[in-house]
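Some notes on the structure that comes next.
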Amino acid sequence: MAEESREQSAASQIPDSVPGIDPETAAEVISLVDSGAEARVKASKSARKRLTDALISLTARKPLSSISITELCEEAGVSRMAFYRNFQSLEEILTSRLNELVDEYRVYTRPLLLSGELWYSVGHLTICFSFFKEHSDFADCLLACGFGGMLEDVIAGFMSECWGDGSREIEYVLAAFAGTICSAYRAWARHGFEESPYDLAVLVGKYHTVPSRL
């Protein structure tokens, strides 16, 4: 995202007029610069997606530690320069994509959050497991690469952001439930997603104990 931000920042600094150039010519120059910046942003997004998809594909076949940047770029069909314009390491591809998905998930869950649904409700858990299944390739990639702890931390952080009250009790409850979600996903995936997201939500929610003061 750094490359995209730089392009957008540069584009935003283009003046509305250019001293010493007639307005019509200046407008044409500015339009060309804007178009070039937009094209570079699109190219950056495309490269990021191709690199992410390629890494997910490769980690399904071999350990992350045995994947080189050259091999990844060949799999993605992009240059090493394109890689380094967008990422500093293979791990950054995973953390960047995870952060993007958390932002998407905020949008998905916003209606439930506004209605007062809590983390253990069937409605919220159904959306959670549906989202996991939709992005199962990436979830499996994270787990295969040993990023399960990071995934739990990100889920716990999101839950704390939504339902935390600053108390240690709720912090522990949310952290434990984040682990429950990840463990349930692993088992669900191992069994080929036989249950529906709703059925799994009912099962997981049924065994959750709510702190008495909530």
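From a predicted model like this one, the values you see are computed outputs, not experimental measurements.
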- Message: Between Asp140 and Ile56, is the side-chain contact (heavy atoms from CB on, under 4.5 Å) condition met? List the steps.
- Response: CA-CA 9 Å; Asp140 293 345; Ile56 291 172; over 6 Å; no
Is it true that a side-chain atom of [X] and a backbone atom of [Y] form a donor plus acceptor pair closer than 3.5 Å?
| X | Y | result |
| --- | --- | --- |
| Ser160 | Gly157 | no |
| Ser183 | Thr180 | no |
| Ser196 | Asp199 | yes |
| Ser57 | Ala54 | no |

Distance (rounded to the nearest 0.5 Å) between [X] [atom1] and [Y] [atom2]:
| X | Y | atom1 | atom2 | value |
| --- | --- | --- | --- | --- |
| Gln88 | Phe83 | CD | CZ | 8.0 Å |
| Leu55 | Cys145 | CG | SG | 6.0 Å |
| Leu58 | Asp53 | CG | CG | 11.0 Å |
| Ser89 | Leu64 | OG | CG | 9.0 Å |
| Lys49 | Asn86 | NZ | CG | 14.0 Å |
| Glu74 | Ser68 | CD | OG | 7.0 Å |

Can you tell if the side chain of [X] reaches within under 4.5 Å of the side chain of [Y], non-hydrogen atoms only?
| X | Y | answer |
| --- | --- | --- |
| Arg80 | Thr70 | yes |
| Phe138 | Thr59 | no |
| Asp137 | Cys141 | no |
| Leu94 | Glu91 | no |
| Phe177 | Leu125 | yes |

- Query: Step by step, would you call Leu203 with Glu195 a side-chain contact (heavy atoms from CB on, under 4.5 Å)?
  - Reply: CA-CA 10 Å; Leu203 180 62; Glu195 297 81 8; over 6 Å; no
- Message: Counting only heavy atoms from other residues, nucleotides and ligands, does the tally under 6.0 Å from OH of Tyr198 exceed 12?
- Response: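 Not buried by this count: 12 neighbours or fewer within 6.0 Å.
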- Query: Quick one: do Glu100 and Arg97 make a salt bridge, cutoff under 4.0 Å?
  - Reply: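 Counted as a salt bridge, because a side-chain N and a carboxylate O are separated by less than 4.0 Å.
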- Going by an N to O cut-off under 4.0 Å, is there a salt bridge joining Arg106 and Asp103?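 Yes, this pair counts.
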- Report the relative orientation of the aromatic rings in Tyr185 and Trp188; use parallel for angles under 30°, tilted for 30 to 60°, perpendicular for over 60°.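 Because their plane-to-plane angle is over 60°, the rings of Tyr185 and Trp188 count as perpendicular.
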If Ile, Leu, Val, Met, Phe, Trp and Tyr residues are connected whenever their side-chain heavy atoms lie under 4.5 Å apart, and connections chain through other members, are [X] and [Y] in the same group?
| X | Y | answer |
| --- | --- | --- |
| Ile155 | Val122 | no |
| Ile170 | Leu113 | yes |
| Ile181 | Val202 | no |
| Tyr120 | Tyr172 | no |

Identify the two heavy atoms, one from [X] and one from [Y], that lie closest to each other, and give their separation to 0.1 Å.
| X | Y | value |
| --- | --- | --- |
| Ala175 | Ala156 | CA-CB, 4.1 Å |
| Ser96 | Arg48 | OG-NH2, 2.6 Å |
| Ser121 | Glu117 | OG-OE1, 2.6 Å |
| Leu51 | Leu72 | O-CD1, 3.7 Å |
| Met150 | Leu98 | CE-CD2, 3.6 Å |
| Thr126 | Ser130 | O-OG, 2.7 Å |

- Between Ile69 and Phe87, does a side-chain contact (heavy atoms from CB on, under 4.5 Å) hold up when you go through it step by step? CA-CA 11 Å; Ile69 290 174; Phe87 303 107; over 6 Å; no
- Query: Between Phe131 and His135, is the gap from one ring center to the other below 6.0 Å?
  - Reply: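 Centroid separation for Phe131 and His135: below 6.0 Å.
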- Task: Take Trp119 and Leu174, measure what side-chain contact (heavy atoms from CB on, under 4.5 Å) needs, and give me the verdict at the end.
- Result: CA-CA 8 Å; Trp119 64 91; Leu174 296 177; 3.6 Å; yes
